[in-house]
A.B. asks: 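This is the structure, below, for whatever I ask next.
Below, read A as the first sequence line, B as the second, and so on, with proteins coming before strands; counting in each chain starts at 1.
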Protein chains: 4
Amino acid sequence: MTDSTSARVRAASAKRRRLTAAAAEVVHRQGAERTTIADIARAADVPVGNVYYYFKTKDELVAAALDEHARHLGELTERLERLPDPRDRLKGLVEAWVGQRDVAARYGCPTGTLAAELDKRDEGGLDAEAGKVIRLLLDWVEQQFRELGLPEPDGLALTLVGAYQGMSLLANALRDPGIMTREGARLLAWIDSLEA
Amino acid sequence: MTDSTSARVRAASAKRRRLTAAAAEVVHRQGAERTTIADIARAADVPVGNVYYYFKTKDELVAAALDEHARHLGELTERLERLPDPRDRLKGLVEAWVGQRDVAARYGCPTGTLAAELDKRDEGGLDAEAGKVIRLLLDWVEQQFRELGLPEPDGLALTLVGAYQGMSLLANALRDPGIMTREGARLLAWIDSLEA
Amino acid sequence: MTDSTSARVRAASAKRRRLTAAAAEVVHRQGAERTTIADIARAADVPVGNVYYYFKTKDELVAAALDEHARHLGELTERLERLPDPRDRLKGLVEAWVGQRDVAARYGCPTGTLAAELDKRDEGGLDAEAGKVIRLLLDWVEQQFRELGLPEPDGLALTLVGAYQGMSLLANALRDPGIMTREGARLLAWIDSLEA
Amino acid sequence: MTDSTSARVRAASAKRRRLTAAAAEVVHRQGAERTTIADIARAADVPVGNVYYYFKTKDELVAAALDEHARHLGELTERLERLPDPRDRLKGLVEAWVGQRDVAARYGCPTGTLAAELDKRDEGGLDAEAGKVIRLLLDWVEQQFRELGLPEPDGLALTLVGAYQGMSLLANALRDPGIMTREGARLLAWIDSLEA
DNA sequence: GATGAATGAGCTTTCATTCAT
DNA sequence: GATGAATGAAAGCTCATTCAT
């Protein structure tokens with residue numbers, strides 16, 4: 001493989017990455033249904049006709065957007081795992097959520113709103129994909145609760161992640177980032193209050 | 001003549017009501033964006049062209065669907081208010097949510113998912129409408145907490161309604177009605193545990 | 001025929017007259033194509049469904065609008081014929097045109113613009129109708145020139161009416177009523193300058 | 001590659017030009033309102049959906065038709081300007097009008113009828129566009145009168161162009177090309193008669 | 001006759017996807 | 001691989017006309 005070939009491959013991958021990132025962002029802002037391929041192509045600065053070399057259908061692009069959100073989640077949990085105390089990790093998670101309050105108040109939780117939208121579909125199997133990303137988050141949270149030795153770590157995970165989805169939705173529907181702050185504080189106190 | 005006239009009027013209103021009900025249901029199942037006027041017309045057994053006699057635009061139909069959900073909510077709270085104890089009212093509300101667990105697991109909370117979808121829009125003002133319906137619920141819940149003499153009833157309302165939205169979203173994303181049951185039980189216990 | 005019957009007939013005719021007048025005005029302002037039956041019905045304060053008792057088709061309404069303009073023209077020429085001198089009649093005609101300068105600058109000559117619009121059609125025969133109304137005007141003008149003993153009265157009529165149509169169109173296209181005033185003055189001088 | 005590229009570009013532009021020419025012609029014949037996008041697409045031999053690649057809305061196509069007429073006018077005046085005597089230029093203009101007598105008798109002056117139609121609109125700003133094209137003609141005519149050293153060249157221009165619009169409308173309404181010939185002859189004599 | 005409601009054909013526009021080079 | 005252009009299947013909406021009472 002010559003230099004120019006690998007350069008080409010690298011450039012191609014760069015385009016794919018740009019399209020993925022653009023899809024994640026634009027779909028978060030506009031929703032999957034209202035987002036056109038042209039929207040994403042424009043945001044990624046890729047010619048429309050070229051998109052189809054990287055993604056065979058629009059659904060694949062939406063799936064890529066989901067993957068991108070999963071990747072972001074992975075980066076976040078990886079960072080949090082450097083903290084020795086699982087309790088601190090969970091609190092760090094909540095703080096990360098609150099840190100995104102303005103985006104949440106404007107567009108909701110990227111994964112949650114996308115899951116809600118995709119669940120309205122019957123075909124394509126994309127609905128299941130969205131569930132998987134949320135499951136990733138649930139599993140990680142559950143693991144932290146388990147390491148804390150708390151009973152029913154799965155139930156606690158549902159409660160915490162559910163609270164996050166709920167407060168994001170309310171903040172979004174009421175356009176009020178303050179809801180994220182307030183509920184975030186409550187969740188931090190709640191985490192602190194849990195005892196084995 | 002009077003009879004047939006009022007029959008006509010009744011029939012006409014009946015059609016409008018049929019369209020509203022159909023819109024509420026189909027939009028809940030498919031989402032506003034994926035729902036076509038023809039879908040709603042078919043569900044209401046009304047010719048497509050005739051829909052526009054009752055609703056000037058698709059957005060008006062979506063707004064009618066929202067109103068319908070607000071009406072349902074009104075009926076529910078009215079029924080609950082017959083209970084003398086505000087605590088019982090709130091518990092009745094949670095039980096109603098759990099009673100809808102299968103629908104929630106399949107399509108999410110009607111108002112919540114619609115709010116999330118409409119909030120992706122910039123124009124039309126429908127996004128604000130969805131927020132208002134959620135506000136109705138929040139206000140009613142807050143009022144119950146206030147009557148119980150609890151501090152920060154608005155914060156408690158956010159927590160309860162947020163939990164509902166969150167558990168609906170998770171149940172929907174994971175297609176698991178059990179989540180509604182489990183979290184519902186937790187909320188009932190939480191309500192019981194609150195003291196002035 | 002009882003009183004109530006004739007009252008009904010009178011009322012019905014009144015409706016027909018109202019519809020005709022409304023058609024003439026609304027069509028002049030919006031053009032035949034952009035005018036809906038509902039527009040005319042609203043302007044005439046007649047229920048839409050009722051229009052069809054007086055006019056079987058939209059084209060009949062447009063034809064009625066044309067007749068209305070012909071009637072207006074008839075009233076004008078009748079008034080002018082009270083003047084003993086044909087030259088004064090022609091000058092009175094020009095003055096009437098100039099008197100309508102604001103309407104002309106906004107919507108053009110009612111008959112001329114309607115004729116231009118209807119002439120784009122192949123079917124229905126309405127195009128010929130519009131020509132007839134213009135012919136009425138031409139004939140009357142020609143008759144005045146003839147009474148003045150001028151040669152080629154038909155050619156003079158074409159020149160005068162053509163000038164009117166042209167200045168109306170320019171005034172309309174440039175939205176400048178001053179054109180009506182200026183060209184009107186020129187036509188008055190021209191009429192005065194003609195000698196047998 | 002360069003050849004085929006430029007061929008592609010040329011072909012693409014050719015399509016746009018074909019659409020523009022078709023729009024100019026079909027709109028002249030049928031009027032803007034009665035002309036459908038499908039009509040123009042068919043005349044240009046372009047699939048309907050593809051039209052929107054070149055023109056975002058129907059109004060843009062109508063504007064293109066107007067531009068086309070302005071272009072035709074520009075070509076004509078450019079040709080006339082090769083004549084040294086402004087008087088000959090004006091007479092050449094009148095002769096060009098008379099040369100179009102059959103088209104005028106069938107469909108009227110392209111710019112005049114379009115202006116009359118578009119002036120019935122309130123929105124879109126297309127009405128002003130039509131006025132601009134007529135202004136171009138007025139300005140050119142005025143310039144010729146000015147070069148002849150005649151007083152009030154702007155008024156003379158209004159008279160000449162107004163006469164053209166008027167005779168076109170009458171020829172059209174009465175379906176008589178002879179009107180163009182007759183009035184054309186009169187205008188030629190009039191131009192000859194003017195002295196500084 | 002009178003009237004609100006019904007009907008369906010037709011129009012503009014959008015957009016995912018495919019094609020030709 | 002890259003790209004502008006092409007394609008056609010919807011979708012929302014309008015409106016002349018007809019219907020039922």
Side-chain angles (χ1 to χ4, degrees), chain A residues 5 8-9 11-12 15 33-41 46-61, chain B residues 1-9 11-13 15-16 33-41 46-61, chain C residues 5 8-9 11-12 15 33-41 46-61, chain D residues 1-9 11-13 15-16 33-41 46-61:
Chain A
T5 301
R8 222 187 311 132
V9 168
K15 264 189 188 173
E33 217 66 48
R34 288 178 90 85
T35 297
T36 70
I37 298 273
D39 286 339
I40 297 172
V46 168
V48 192
N50 202 0
V51 172
Y52 283 81
Y53 272 89
Y54 301 98
F55 302 94
K56 262 190 284 293
T57 62
K58 184 182 174 183
D59 275 8
E60 278 191 19
L61 254 176
Chain B
M1 184 59 93
T2 305
D3 272 10
S4 70
T5 300
S6 64
R8 217 190 312 133
V9 167
S13 302
K15 219 166 192 180
R16 194 179 213 284
E33 219 67 49
R34 285 179 92 84
T35 297
T36 69
I37 298 277
D39 288 338
I40 296 172
V46 168
V48 188
N50 198 10
V51 172
Y52 286 87
Y53 186 81
Y54 297 97
F55 300 94
K56 264 190 284 296
T57 62
K58 183 183 173 181
D59 274 10
E60 275 192 21
L61 254 175
Chain C
T5 300
R8 223 185 311 130
V9 168
K15 262 189 190 173
E33 218 65 49
R34 286 179 92 85
T35 297
T36 69
I37 298 274
D39 286 339
I40 297 172
V46 167
V48 193
N50 202 359
V51 172
Y52 283 82
Y53 271 90
Y54 300 99
F55 301 94
K56 262 191 282 297
T57 63
K58 183 182 176 184
D59 275 9
E60 278 191 20
L61 254 175
Chain D
M1 185 60 90
T2 305
D3 271 10
S4 70
T5 299
S6 63
R8 215 189 318 131
V9 168
S13 303
K15 219 168 194 179
R16 195 179 210 286
E33 218 68 47
R34 285 180 90 84
T35 297
T36 70
I37 298 277
D39 288 339
I40 297 172
V46 167
V48 187
N50 196 11
V51 172
Y52 284 85
Y53 186 81
Y54 297 97
F55 300 92
K56 265 189 284 294
T57 61
K58 183 183 174 183
D59 273 10
E60 275 193 21
L61 254 176

A.B. asks: Report, as a single string ordered 5' to 3', how protein heavy atoms within less than 4.0 Å touch nucleotides 10-15 of chain E: B base, S sugar-phosphate only, - not at all.
C.D. replies: -SSBBS
A.B. asks: Taking side chain to side chain contact (heavy atoms under 4.5 Å, CB included) as the definition, give me every residue that meets it alongside B:Phe55, ordered by chain and number, with sequence neighbours left out.
C.D. replies: B:Arg16, B:Leu19, B:Thr20, B:Glu60, B:Leu61, B:Ala64
A.B. asks: Are any of C:Tyr54's side-chain N or O atoms less than 4.0 Å away from OP1 or OP2 of E:dA2?
C.D. replies: yes
A.B. asks: Do you know which two heavy atoms are closest between C:Val46 and C:Asn50, and how far apart they sit?
C.D. replies: CG1-CB, 3.9 Å
A.B. asks: Rounded to whole Å, please give me the gap between CD in C:Glu60 and C1' in F:dT17.
C.D. replies: 13 Å
A.B. asks: If every non-hydrogen atom of D:Tyr52 is compared with every non-hydrogen atom of D:Thr57, which pair is closest and at what distance?
C.D. replies: CE2-CA, 4.3 Å
A.B. asks: If you look at every heavy atom in B:Pro47 and B:Ala41, which pair is closest and at what distance?
C.D. replies: C-CB, 4.4 Å
A.B. asks: Locate the shortest heavy-atom distance separating A:Lys58 from A:Glu33; write the atom from each residue and the value.
C.D. replies: NZ-O, 3.8 Å
A.B. asks: Respond yes when some side-chain nitrogen or oxygen of B:Lys15 is under 4.0 Å from OP1 or OP2 of E:dG4, and no when none is.
C.D. replies: no
A.B. asks: Is DNA chain E part of any stem, that is, at least 3 consecutive Watson-Crick or G-U pairs with both distances under 3.5 Å, and where?
C.D. replies: E:2-21 with F:2-21
A.B. asks: Using atom types as modelled and distance alone, determine if a side-chain donor or acceptor of A:Lys15 lies under 3.5 Å from a backbone N or O of A:Val51.
C.D. replies: no
A.B. asks: Using heavy atoms to find the nearest nucleotide of DNA chain E for C:Tyr53 and B:Pro47 separately, return the residue whose nucleotide is more 5′.
C.D. replies: C:Tyr53
